[in-house]
S.K.: 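Pasting in a structure now, in structure tokens, and then I'll have a few things to ask.
Keep in mind that this is a model prediction, so the values were computed, not measured.
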Amino acid sequence: MKKLLLAALASTALTTPVMAEEITQFRIGLLGGENAQDRLNNNECLRAKTEELLGVETKLFAPADYNGVIQGLLGGTIDMAWLGASGYAKTYLSDPEAVEPILVKVNVDGGYGYYSVGFARKDSGIETLEDMKGKTFGFGDPNSTSGFLIPSIEIPEMTGATMTSGDYFGEVKFSGGHEQTIVGVNNGDFDGGVTWADGLGDWEDGYNSGALRRAVDAGLVDMNDLVKIWQSKPIPEGPIVLRKDLPEDVKVKFTALMASLPAMDPECAYGVLSGEAKGVMPIGHDAYKVIIEARQLKSN
């Protein structure tokens, strides 16, 4: 039924612009994690397609951190974003009526999970999490699922220690985002760090999709210089969300556009979805209850 719905949306909703008197512009928020210009470049095709479809000016916003997008959604200055699961949890816990999940990225294997991946330089001699004891560990953003929330829960379960600097790791630092963590480890600023990947494909390519793949595509790292030292349990991929109070016709049109993007423009979809993907599928709030509970526990 969901496939039929999306097929119907895709075939009927992309032909004429919305008569969108209720909105004067549409604003797309882009999470931090790589430099702003790369984020803007990767999503320019989506901006242009959205503007043509909705018939209103469409803008991209690339705040410095995850919280900039979250606050934009909460404050009504951003209409759409692809959030991480933890970012969605924070948005929901702040205001349950602010946004609604519409779609989730589907990996080439048909699943919608991904992993937090711990890594270090191969020439550092670090091969396992145990080798990181007393060394500098790099997180990404405090609102990142794979760059903070999940490793901050699972790693202490393994080590029996907290993530406080000097307890197990010599120092725990926030890099500011996934790209900064990857570059920081590669340059020796951190002994090890975590980022996200779908875990599919080859390590040498940075897997099929995720921050490592982005970094390889951008020429920032050679994966042969890095080694994996830890991997989390599967994490549900974060949702593409829309503000709940957008007009229904706008929601339908944009959802259809995103659902059609991988088939309609694979190159655009590659940039928007951070690498190779099978497509997108409908997703709802219930898929993120476990992450919402995890954020609540961390904040208590």
S.K.: Ignoring hydrogens and geometry, is there a side-chain-to-backbone donor-acceptor pair from S175 to F139 under 3.5 Å?
M.R.: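 The answer is yes, because a donor-acceptor pair under 3.5 Å joins these two groups.
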
S.K.: Please walk me through it: do F254 and L242 pass side-chain contact (heavy atoms from CB on, under 4.5 Å)?
M.R.: CA-CA 9 Å; F254 184 81; L242 291 171; 3.8 Å; yes

S.K.: Is there a donor in the side chain of Y207 and an acceptor in the side chain of N107, or the other way round, less than 3.5 Å apart?
M.R.: no

S.K.: Can a donor-acceptor pair be found, under 3.5 Å and without considering hydrogens, that links the side chain of N41 to the backbone of Q37?
M.R.: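 Yes, the answer is positive, given that a donor and an acceptor are paired below the 3.5 Å cut-off.
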
S.K.: Anything under 3.5 Å between a donor and an acceptor, one on a side chain of residues 144-152, the other on a protein residue two or more places apart or in another chain? List them.
M.R.:
from	atom 1	to	atom 2	distance (Å)
S144	OG	G147	N	2.8
S144	OG	H178	NE2	3.4
T145	OG1	A85	N	3.2
T145	OG1	S86	N	2.6
S152	OG	F148	O	3.1
S152	OG	L149	O	2.8
S152	OG	K298	NZ	3.2

S.K.: Is any side-chain heavy atom of M132 less than 4.5 Å from a side-chain heavy atom of I126?
M.R.: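 When only atoms from C-beta onward are counted, I126 and M132 do touch, with a gap below 4.5 Å.
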
S.K.: Between I78 and R243, which heavy-atom pair has the shortest distance, and what is it?
M.R.: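 Minimum heavy-atom contact is O-CD, 3.1 Å.
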
S.K.: To the nearest 0.5 Å, what is the distance between OG1 on T136 and CZ on F190?
M.R.: 8.5 Å

S.K.: Any idea which heavy atoms bring L74 and S94 closest together, and the distance?
M.R.: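 Shortest heavy-atom separation between L74 and S94 comes out as CD1-CB, 3.7 Å.
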
S.K.: Looking at every heavy atom in both A294 and I153, which two are closest together, and how far apart are they?
M.R.: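 Minimum heavy-atom separation between A294 and I153: CB-CD1, 3.9 Å.
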
S.K.: Can you find a heavy atom in the side chain of I28 that is under 4.5 Å from one in the side chain of K59?
M.R.: no

S.K.: Counting only pairs under 3.5 Å, give me each side-chain donor-acceptor contact of residues 97-105, with atom names and distances, residues two or more places apart or in other chains.
M.R.:
from	atom 1	to	atom 2	distance (Å)
E97	OE1	K244	NZ	3.4
E100	OE2	K251	NZ	2.6
K105	NZ	S209	OG	2.7

S.K.: Using modelled atom types and a 3.5 Å cut-off, is there a donor and acceptor pairing between side-chain atoms of E51 and backbone atoms of T58?
M.R.: yes

S.K.: A side-chain contact here means heavy atoms from C-beta on lying under 4.5 Å apart; do L257 and L46 qualify?
M.R.: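 Yes, close enough: below the 4.5 Å cut-off.
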
S.K.: Taking salt bridge (charged side-chain N to carboxylate O under 4.0 Å, His left out) as the test, write out the residues that go with D189, two or more places apart.
M.R.: none

S.K.: Verify the cluster assignment for L73 and L93: are they in a single hydrophobic cluster under the rule of side-chain heavy atoms below 4.5 Å apart?
M.R.: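 Shared cluster, yes.
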
S.K.: Assigning hydrophobic clusters by single linkage (Ile, Leu, Val, Met, Phe, Trp, Tyr; side-chain heavy-atom cutoff under 4.5 Å), is V290 placed with Y115?
M.R.: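 Different hydrophobic clusters.
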
S.K.: Please report the interatomic distance CD1(I240) to CG(L273), rounded to the nearest 0.5 Å.
M.R.: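 If I round to the nearest 0.5 Å, the distance is 6.0 Å.
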
S.K.: With a 4.5 Å cut-off on side-chain heavy atoms, are N143 and R295 touching?
M.R.: yes

S.K.: Quick check: is L212 connected to V221 through a chain of hydrophobic side chains (ILVMFWY, heavy atoms under 4.5 Å apart)?
M.R.: yes

S.K.: Begin with the C-alpha distance, continue with both residues' side-chain angles, and end with the deciding distance and a verdict on side-chain contact (heavy atoms from CB on, under 4.5 Å) for D79 and L246.
M.R.: CA-CA 8 Å; D79 298 306; L246 284 170; 3.7 Å; yes

S.K.: May I have the step-by-step check of side-chain contact (heavy atoms from CB on, under 4.5 Å) for K90 and N67, ending in yes or no?
M.R.: CA-CA 9 Å; K90 178 175 181 178; N67 199 49; 2.8 Å; yes

S.K.: Check the surroundings of atom CZ in F169: do more than 12 heavy atoms from other residues, nucleotides or ligands lie under 6.0 Å from it?
M.R.: yes

S.K.: Contact between P239 and W82 at the side-chain level, heavy atoms closer than 4.5 Å - yes or no?
M.R.: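 P239 vs W82: side chains apart.
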
S.K.: For side-chain contact (heavy atoms from CB on, under 4.5 Å), just list the numbers for N186 and L220, CA-CA rounded to whole Å, side-chain angles, deciding distance to a tenth of an Å, and then say yes or no.
M.R.: CA-CA 9 Å; N186 193 55; L220 297 175; over 6 Å; no

S.K.: State the NZ-CD1 distance between K233 and I235, to the nearest 0.5 angstrom.
M.R.: 11.0 Å

S.K.: Between P247 and E22, what is the shortest heavy-atom contact and its length?
M.R.: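 Scanning both residues, the minimum pair turns out to be CG-CB, 3.7 Å.
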
S.K.: Would you say D198's side chain and L200's backbone share a donor-acceptor pair under 3.5 angstrom?
M.R.: yes

S.K.: Side-chain contact test, heavy atoms from C-beta onward, threshold under 4.5 Å: evaluate it for W230 versus S116 and give yes or no.
M.R.: yes

S.K.: Are side-chain heavy atoms of V69 and F61 found at a separation under 4.5 Å?
M.R.: no

S.K.: In Å and rounded to the nearest 0.5 Å, what is the CG to CG distance from D222 to L226?
M.R.: 8.0 Å

S.K.: Same hydrophobic cluster for V250 and L261, using side-chain heavy-atom links shorter than 4.5 Å among ILVMFWY?
M.R.: yes

S.K.: Do D38 and R214 sit within salt-bridge range, that is, some charged N less than 4.0 Å from a carboxylate O?
M.R.: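 Here D38 does not pair with R214 in a salt bridge, since their nearest N and O are not under 4.0 Å apart.
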
S.K.: Taking side chain to side chain contact (heavy atoms under 4.5 Å, CB included) as the definition, give me every residue that meets it alongside K133, ordered by chain and number, with sequence neighbours left out.
M.R.: Y168

S.K.: Quick check: does any side chain N or O of E237 sit under 3.5 Å from a backbone N or O of V106, one acting as donor and the other as acceptor?
M.R.: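 Not at all, since once roles are kept as given, no pair shorter than 3.5 Å links the two residues.
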
S.K.: Check whether D167 reaches the backbone of A161 with its side chain - one donor and one acceptor, N or O, closer than 3.5 Å.
M.R.: no

S.K.: Could you name each residue pair satisfying salt bridge (Lys or Arg N to Asp or Glu O under 4.0 Å) that touches residues 115-132, not counting sequence neighbours?
M.R.: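 Sorted result for residues 115-132: R121-D123.
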
S.K.: Taking R39 for the side chain and P63 for the main chain, is one N or O donor matched with an acceptor at less than 3.5 Å?
M.R.: yes

S.K.: Test your reading of the model: is there a side-chain donor-acceptor pair from D141 to the backbone of Y66, 3.5 Å cut-off?
M.R.: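 Yes, the answer is positive, given that a donor and an acceptor are paired below the 3.5 Å cut-off.
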
S.K.: Which heavy atom of P236 sits nearest to which heavy atom of I291, and what is that distance?
M.R.: CG-CG1, 3.9 Å

S.K.: Kindly list each side-chain donor-acceptor pair under 3.5 angstrom involving residues 276-287, sequence neighbours excluded, with atom names and distances?
M.R.:
from	atom 1	to	atom 2	distance (Å)
E276	OE2	R213	NH2	3.1
H285	ND1	Y88	OH	2.7
D286	OD1	K289	NZ	3.4

S.K.: Are F174 and V194 connected into the same hydrophobic cluster when the rule is that any two of I, L, V, M, F, W, Y join if their side-chain heavy atoms are below 4.5 Å apart?
M.R.: yes

S.K.: Looking at S165 and E171, would you say the former's side chain and the latter's main chain have a donor-acceptor pair under 3.5 Å?
M.R.: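 No; judged by distance alone, with no hydrogens or angles, the pair does not exist.
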
S.K.: Could you tell me if the side chain of F119 sits less than 4.5 Å from the side chain of V227, heavy atoms only?
M.R.: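 SC-SC contact between V227 and F119 ruled out.
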
S.K.: Measure the spacing between CG of N43 and CG of L30 and express it to the nearest 0.5 Å.
M.R.: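 So the CG of N43 and the CG of L30 are separated by 4.5 Å.
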
S.K.: CZ of F26 to CE of M80: how many Å apart, nearest 0.5 Å?
M.R.: 7.0 Å

S.K.: When you measure from the side chain of T181 to the backbone of T195, do you find a donor-acceptor pair of N or O atoms at a distance under 3.5 Å?
M.R.: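 It does not hold such a pair.
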
